[in-house]
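Data first, discussion second: the structure below is written as structure tokens.
All values derive from a computational prediction rather than experimental measurement. In what follows, chains carry the letters A, B, and so on, assigned in the order in which the sequence lines appear, proteins first and then strands, with residues in each chain numbered from 1.
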Amino acid sequence: MENSDVAQVFSEIADILDLTGGNQYKVRAYRQAAQLVDTLPGPVSEYWRRGQLLSLPGIGEGIGTKIVELLETGRCAEHERLARQVPPGVLELLRLEGVGPKTVAAVWHKLGVTDIEGLEQACRDGRLRQIPRMGPTRCKSILKAIERFRSRTGRMLLHRAVGYAEAIVARLRKVPGVYEAIPVGSVRRRRATVGDLDILVTARSSTAPRRAFVEMPEVAVVLAEGPTKSSVRLTSGLQVDLRVLPRESLGAALHYFTGSKAHNIALRTRAVHRGLKVSEYGVFDREGHRLSGAREEDVFRAVGLPWIPPELREGTGELEAAEEGRLPKLVEEAELRGDLHVHSDASSDGHCTLEELWLAGLRLGREYVAVCDHSRSRPLGLTTERLLEHAARIRAFNRAHPEGPRLLAGIEVDILPDGSLDLPLEVLASLDWVVASIHSRLRDSGARLTARMESAVRSGVVDVIGHPSGRILGSRDPYPFDLPRLLEAAREEGVALEVNAQPDRLDLDDKGCRLAKQAGVRVAISTDAHLADHLANIRYGVWVARRGWLEASDVLNTLDLAHLRAWRRRGHRAPRHEPRSPAAH
DNA sequence: GCCGTTTTCGGCCCGACTGTTTTCAGTCG
């Protein structure tokens with residue numbers, strides 16, 4: 001039972017209670033528990049094992065007992081009891097935009113509608129009008145919501161959302177009377193995927209920016225338009241929300257619209273306990289006098305905390321860490337000295353020459369760039385002979401270019417199905433850098449995949465495990481491998497785990513980074529570049545690391561080359577000629 | 001259902017917009 005499965009059960013309990021008129025605070029308690037479990041950095045079963053379940057915020061006797069029940073039996077009696085009260089299909093109605101528990105309960109009880117098809121029918125034949133407050137406009141908007149639900153494409157990758165955000169704020173900044181235009185929401189928190197885009201504007205008056213916003217050429221439909229808040233859907237399907245506020249509210253608004261929701265609720269609750277009210281307009285006392293709010297720091301100071309970086313604002317312990325002075329000094333892109341995984345045109349899918357890689361590294365101020373092409377079992381991968389030639393070419397290139405970044409002669413060696421490596425260990429041991437990755441038999445069991453990676457970790461020649469979870473955002477789920485076990489092995493052997501900065505990989509993810517830090521394992525933030533321009537993608541990896549609470553000392557490639565070489569010597573043992581085959585499972 | 005620097009009982013973040021009304025309920029973020 002994974003965290004997301006537990007979260008799903010609590011989320012359904014919340015939906016059913018909501019629909020059946022249950023206590024709103026109970027509903028919220030279940031929703032918060034679902035959110036908490038879903039965003040926990042490690043398996044909830046570990047918290048249970050260590051007796052820490054009840055110390056999690058929002059988990060008390062009732063929900064704690066249900067977590068244990070789920071972990072032990074895979075079921076939850078209360079959930080099953082509630083599920084019997086609701087016909088299948090009704091909960092899905094809640095996924096429609098603009099349709100909430102009250103509407104669903106009404107159509108279910110008054111019209112007998114229990115699924116999306118039924119609701120569509122009721123809209124079309126006019127039965128929906130029998131329900132109070134259901135006019136023609138509501139009917140139309142529900143039909144549209146059903147249409148969108150059916151064509152829903154899911155969340156957008158962060159790098160694309162950042163592209164939209166930057167274009168929109170650039171346009172809004174040119175509008176007369178606009179002071180600031182800033183992307184907020186999950187883009188500012190650097191979440192790997194973005195549901196919709198939030199843009200904050202401060203301006204003399206809201207009229208001009210709002211007009212400019214809804215009249216942007218890529219707007220497909222205006223969903224809402226008011227004096228402070230407007231909302232549109234772009235032709236790409238992305239929803240964009242604009243908020244316009246007075247300048248003196250900038251800090252409070254920045255904080256509020258950056259979220260996350262869980263973080264905001266926690267912070268506002270804290271404010272209430274201090275006799276304060278925090279809204280997007282500022283910090284207010286009991287009498288409603290505005291105390292501050294022009295700067296984001298004001299909001300935190302009002303509740304006795306230092307400023308918390310947006311990447312940490314997920315309601316996963318950042319307020320407590322701030323309170324106790326334990327906030328990490330998050331790693332910054334400028335602290336990275338090199339890139340530890342790029343491809344050249346020597347193997348299958350790379351496209352750039354050594355010179356292009358070197359130039360790209362030079363432009364970005366890199367001190368070293370590890371050229372890690374694919375090994376022989378990949379199509380057109382390097383055989384032993386070609387690898388040795390390639391390594392010789394790289395070393396010759398370095399001699400011919402004494403300035404600028406050092407190219408490291410490396411490899412991205414396949415971890416084969418039996419856990420062995422795709423090239424002889426002596427050859428791998430002669431290289432400057434070795435990344436080992438799984439590219440085959442991805443459907444192996446989680447236990448087997450874990451054993452394959454562990455075997456590579458224990459080979460004595462591997463520096464980094466590449467894209468450890470195998471996920472491709474939007475198309476391939478991470479494999480169900482045992483990260484804590486892999487981390488344990490990596491710590492013992494002095495091997496790092498990669499944060500692959502390709503925008504659709506971001507693998508390890510933020511939670512994995514946090515676990516790695518707790519386990520004492522360093523990460524290498526690498527671009528896995530296949531084009532010279534990809535070397536600039538390192539920022540996406542840095543964002544993941546920051547969301548994972550990592551500091552410079554947690555990241556291998558903040559080391560200069562001399563220290564990186566020293567780390568290698570310390571971590572490595574002699575190559576083991578018989579790598580362990582995966583344990584039988 | 002959770003939780004405690006007002007509380008072990010009685011609270012629980014706050015405001016905007018829409019559609020339907022003529023003062024507001026529902027939904028969203």
- Message: So for atom CD, which belongs to A:E61, do other residues, nucleotides or ligands contribute more than 12 heavy atoms lying within a distance under 6.0 Å?
- Response: no
Sorted by position of nearest nucleotide on DNA chain B, 5' first, the leading residue of A:T103 and A:R133 is A:R133
A:R188 CZ to B:dG29 P, in whole Å, measures 20 Å
Numerically ordered, the residues 195-225 of chain A set in heavy-atom contact under 4.0 Å with DNA chain B is A:D196, A:A224, A:E225
Rounded to whole Å, NE2 of A:H263 lies from P of B:dG29 at a distance of 19 Å
Worksheet entry | Salt-bridge contact A:K144-A:E147 (side-chain N to carboxylate O under 4.0 Å) | no
Discussion item. Has A:D507 got a side-chain atom pairing as donor or acceptor with A:G470's backbone, closer than 3.5 angstrom?
Written reply: yes
Can you check the distance between B:dT23 and B:dG15, where both ends of the measurement are the P atom (answer in whole Å)? 24 Å
To the nearest angstrom, the CG-P distance between A:L17 and B:dC2 comes to 12 Å
note: A:L36, atom CG; B:dC3, atom P; distance rounded to Å ~ 10 Å
message = What I want to check is whether the side chains of A:T258 and A:R188 have a donor and an acceptor closer together than 3.5 Å.
response = yes
For A:N264 and A:Y256 the tightest heavy-atom approach is ND2-O, 2.8 Å
request  = Under 4.0 Å between any heavy atoms, over every strand shown, what does A:P132 touch: base, sugar-phosphate, or nothing? Just pick one.
outcome  = nothing
So which protein N/O to nucleotides 11-15 of chain B N/O distances come out below 3.5 Å?
| residue | atom | partner | partner atom | Å |
| --- | --- | --- | --- | --- |
| B:dC12 | O3' | A:R28 | NH2 | 3.4 |
| B:dC13 | OP1 | A:R28 | NH1 | 2.2 |
| B:dC13 | OP1 | A:R28 | NH2 | 3.4 |
| B:dC13 | OP2 | A:R28 | NH1 | 3.4 |
| B:dC13 | OP2 | A:R28 | NH2 | 3.2 |
| B:dC13 | O2 | A:R268 | NH1 | 2.6 |
| B:dC14 | O4' | A:R268 | NH1 | 2.8 |
| B:dG15 | OP1 | A:K277 | NZ | 2.7 |

Does A:T137 make a side-chain N or O approach to OP1 or OP2 of B:dT18 shorter than 4.0 Å? no
Result for 5'-nearest mapping on DNA chain B, choosing between A:Y30 and A:V99, is A:Y30
If the C1' atom of B:dC14 is compared with that of B:dT20, how far apart are they to the nearest Å?
23 Å
Pairing partner of B:dC12, by Watson-Crick or G-U wobble and under 3.5 Å for both distances, is B:dG1
Atom CD of A:Q24 and atom P of B:dT27 are separated, to the nearest Å, by 10 Å
query: Do the two ring centres, one from A:F300 and one from A:H255, sit under 6.0 Å apart?
result: yes
How about A:L128 and A:L111: do any of their side-chain heavy atoms sit closer than 4.5 Å? yes
Problem - Charged N-O contact under 4.0 Å between A:R127 and A:D125 - result: yes
Whole-Å distance, A:K144 NZ to B:dT27 C1', equals 18 Å
Quick one: do A:D18 and A:R31 make a salt bridge, cutoff under 4.0 Å? yes
(message) Which label fits A:H159 and A:Y540: parallel for a plane angle under 30°, tilted from 30 to 60°, or perpendicular past 60°?
(response) perpendicular
Expressed in whole Å, how much space separates the P atoms belonging to B:dC17 and B:dG11? 31 Å
Separation of B:dC28 atom C1' from A:R148 atom CZ, nearest Å, is 13 Å
When you compare B:dG1 with B:dT5, how far apart are their P atoms, in angstrom units rounded to a whole number? 23 Å
*With sugar-phosphate meaning primed atoms plus P, OP1 and OP2, does A:R286 contact a base, only sugar-phosphate, or nothing at under 4.0 Å between heavy atoms?*
base
Would you measure the distance from the C1' atom in B:dC12 across to the matching atom in B:dT7 and give it in whole Å? 12 Å
Is it true that atom CZ of A:R75 has more than 12 heavy atoms of other residues, nucleotides or ligands lying nearer than 6.0 Å? no
For the C1' atoms, the ones on B:dC3 and on B:dC13, what distance do you get once it is rounded to whole angstrom?
16 Å
Requested in this report: State whether A:S231 places a side-chain N or O below 4.0 Å from either non-bridging phosphate oxygen (OP1 or OP2) of B:dC17.
Outcome: no
_Check this for me, if you would: do A:R211 and A:E215 make a salt bridge, where the nitrogen-to-carboxylate-oxygen distance has to be below 4.0 angstrom?_
yes
*asked:* Treating A:E314 as the side-chain partner and A:E311 as the backbone partner, does any N or O pair qualify as donor plus acceptor under 3.5 Å?
replied: no
Rounded to whole Å, the CG-P distance (A:L128 to B:dT20) equals 10 Å
Ordered by number, residues from residues 57-68 of chain A within less than 4.0 Å of DNA chain B (heavy atoms) are A:P57, A:G58, A:I59, A:G60, A:E61, A:G62, A:I63, A:K66
